[in-house]
Amino acid sequence: MLIKTAKFTKSSASVDQCPVTKLNEYAFIGRSNVGKSSLINMLTGNKKLAKISGKPGKTQLINHFLINEKWFLVDLPGFGYAKSSKLDRYKWNSFTDKYVKDRENMVNLFVLIDSRIKPQEIDLSFMVDMGENDVPFSIVFTKIDKITKGALAKNIQIYKNEMLKIWEEMPAYFTSSSVKKNGKSEILNYIEKMEMG
Ligand code: GTP
Ligand code: MG
């Protein structure tokens, strides 16, 4: 799919403030610094669209970007930021929690996972919570430019084994690098399929 236009629409601190729309939304979540904002910029081919930072906790609000005047990409604040990462359950602001659970036009939530590290309790408990609340999600393993192909395959297998202890099947998943632009066509094609219903 070709992205012709990508426009920042609004930053919101509550679901009530989010754009009033029936257009579909595809949102990005995951621990702080995992690469959510970078992935949105890579997908849209605009390095300046979403704000990125080397320091965790950059994105603090719900950010809507209108794509091709037809659907939204939504950048969300990360969870597990700073000291709360010591907790084994994920912790984040309540408006983000409400957004992912209540937003009726959110068609899919991309849960970003750092491809370099072993499964973390915080990510697993987050996905369990999404499953229990019937939130449709898929996984993106990020920053694959920082790991060898062999190590990536091994880490994904470890992840699958861990997921299959909880679920009957592995959710749809992708691998990405915002630096090398890996995963772009796969993720956009996946969205296109959902757009076509
Ligand atoms: P918060 O908004 O704080 O929750 O973080 P985020 O998940 O939006 O992460 P962000 O996109 O701001 O990126 C965090 C850091 O990781 C930045 O220094 C990025 O340059 C870097 N980064 C993101 N994606 C990649 C990637 O695919 N490869 C590499 N090597 N670095 C990446
Ligand atoms: Mg961000």
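For the numbers below, each heavy atom of this structure counts, side chains included, while hydrogens, waters and symmetry mates do not. Just follow the structure's listing: the first ligand is 1, and inside any ligand the first atom is 1. Just so you know, these numbers come straight off a predicted model, no measurement behind them.
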### Message
Can you report which non-hydrogen protein atom sits closest to atom 5 (O) of ligand 1, along with the distance?
### Response
N33 N, 3.0 Å
### Residue pair S115 / N155, side-chain donor-acceptor N/O under 3.5 Å
no
### Task
Look only at the side chain of D134 and the backbone of K101, and say whether a donor-acceptor pair between them is shorter than 3.5 Å.
no
### Query
Can you list the protein N, O or S atoms less than 2.8 Å from the Mg ion (ligand 2)?
S37 OG, T59 OG1
### Query
CD1 of I147 to OG1 of T142: how many Å apart, nearest 0.5 Å?
10.0 Å
### Query
To the nearest 0.5 Å, what is the distance between CD1 (I191) and CD1 (I67)?
8.5 Å
### Task
Please test N182 against S176 for side-chain hydrogen bond (donor to acceptor under 3.5 Å, both in side chains), starting from the C-alpha separation and ending with a verdict.
CA-CA 5 Å; N182 300 105; S176 77; over 6 Å; no
#### Entry: Option passing side chain to side chain contact (heavy atoms under 4.5 Å, CB included) with T96 (candidates I29, V15, L61)
I29
### Query
Which residue and non-hydrogen atom of the protein lie closest to atom 7 (O) of ligand 1, and at what distance in Å?
K36 NZ, 2.7 Å
### Task
Please write down residue, atom name and distance for the protein heavy atom closest to atom 30 (N) of ligand 1.
D145 OD2, 2.8 Å
#### Entry: Atom indices of ligand 1, in the order listed, that fall short of 4.0 Å to a heavy atom of G78
4 (O)
### Query
Strictly under 6.0 Å, is that where the ring centroids of F72 and F65 end up?
no
## Note on the structure
Note: ligand 1 atoms sitting under 4.0 Å from heavy atoms of K146 are 30 (N)
## Note on the structure
Here the atoms of ligand 1 under 4.0 Å from any heavy atom belonging to P56 are 3 (O)
### Task
Return a yes/no value for G57: is any of its N or O atoms, backbone included, closer than 3.5 angstrom to an N or O of ligand 1?
yes
### Query
For atom 25 (C) of ligand 1, what's the nearest protein heavy atom and its distance?
K143 CG, 3.6 Å
### Query
Quick one: NZ on K47 to CG on N41, what's the gap to the nearest 0.5 Å?
9.5 Å
#### Entry: Atom pair CG/CZ of D129 and F137 - distance to nearest 0.5 Å
10.0 Å
### Task
If you have a sec, work out which protein heavy atom is nearest atom 10 (P) of ligand 1 and how many Å separate them, to one decimal?
S38 OG, 3.6 Å
### Query
When you measure from atom 20 (O) of ligand 1 to every protein heavy atom, which one gives the shortest distance, and what is it?
I52 CD1, 3.9 Å
### Query
Would you say the side-chain atoms of N105 and R103 include a donor-acceptor pair closer than 3.5 Å?
yes
#### Entry: Nearest-0.5 Å distance that lies between atom OG in S11 and atom NE2 in H64
10.0 Å
### Task
May I ask you to list the atoms of ligand 1 that are less than 4.0 angstrom from any heavy atom of S37?
8 (O), 11 (O)
### Message
Is it the case that ligand 1 has an N or O less than 3.5 angstrom from some N or O of K51?
### Response
no
### Task
Report the relative orientation of the aromatic rings in F28 and F110; use parallel for angles under 30°, tilted for 30 to 60°, perpendicular for over 60°.
parallel
### Task
Identify, by atom number and element, the atoms of ligand 1 in contact range of S178, meaning under 4.0 Å from any of its heavy atoms.
24 (N), 26 (C), 27 (O)
### For atom 18 (O) of ligand 1, the protein heavy atom that lies nearest, with its residue and separation
G54 CA, 3.4 Å
## Note on the structure
Rounded to the nearest 0.5 Å, the CG atom of L112 sits from the CD1 atom of I139 at a distance of 10.0 Å
### Query
Short N/O distance, under 3.5 Å, between D75 and ligand 1?
no
### Task
Could you list the atoms of ligand 1 found under 4.0 angstrom from a heavy atom of S177?
27 (O)
### Results of side chain to side chain donor-acceptor pair (under 3.5 Å) for Y173 - residues two or more places apart only
K160
### Task
Considering heavy atoms of the protein only, find what lies nearest to atom 17 (C) of ligand 1 and give residue, atom and distance to 0.1 Å.
S53 O, 3.4 Å
## Note on the structure
One finds that the ligand 1 atoms under 4.0 Å from a non-hydrogen atom of V34 are 7 (O)
### Query
Can you check side-chain hydrogen bond (donor to acceptor under 3.5 Å, both in side chains) on Y26 and E195, steps first, answer last?
CA-CA 10 Å; Y26 303 90; E195 275 303 292; 2.6 Å; yes
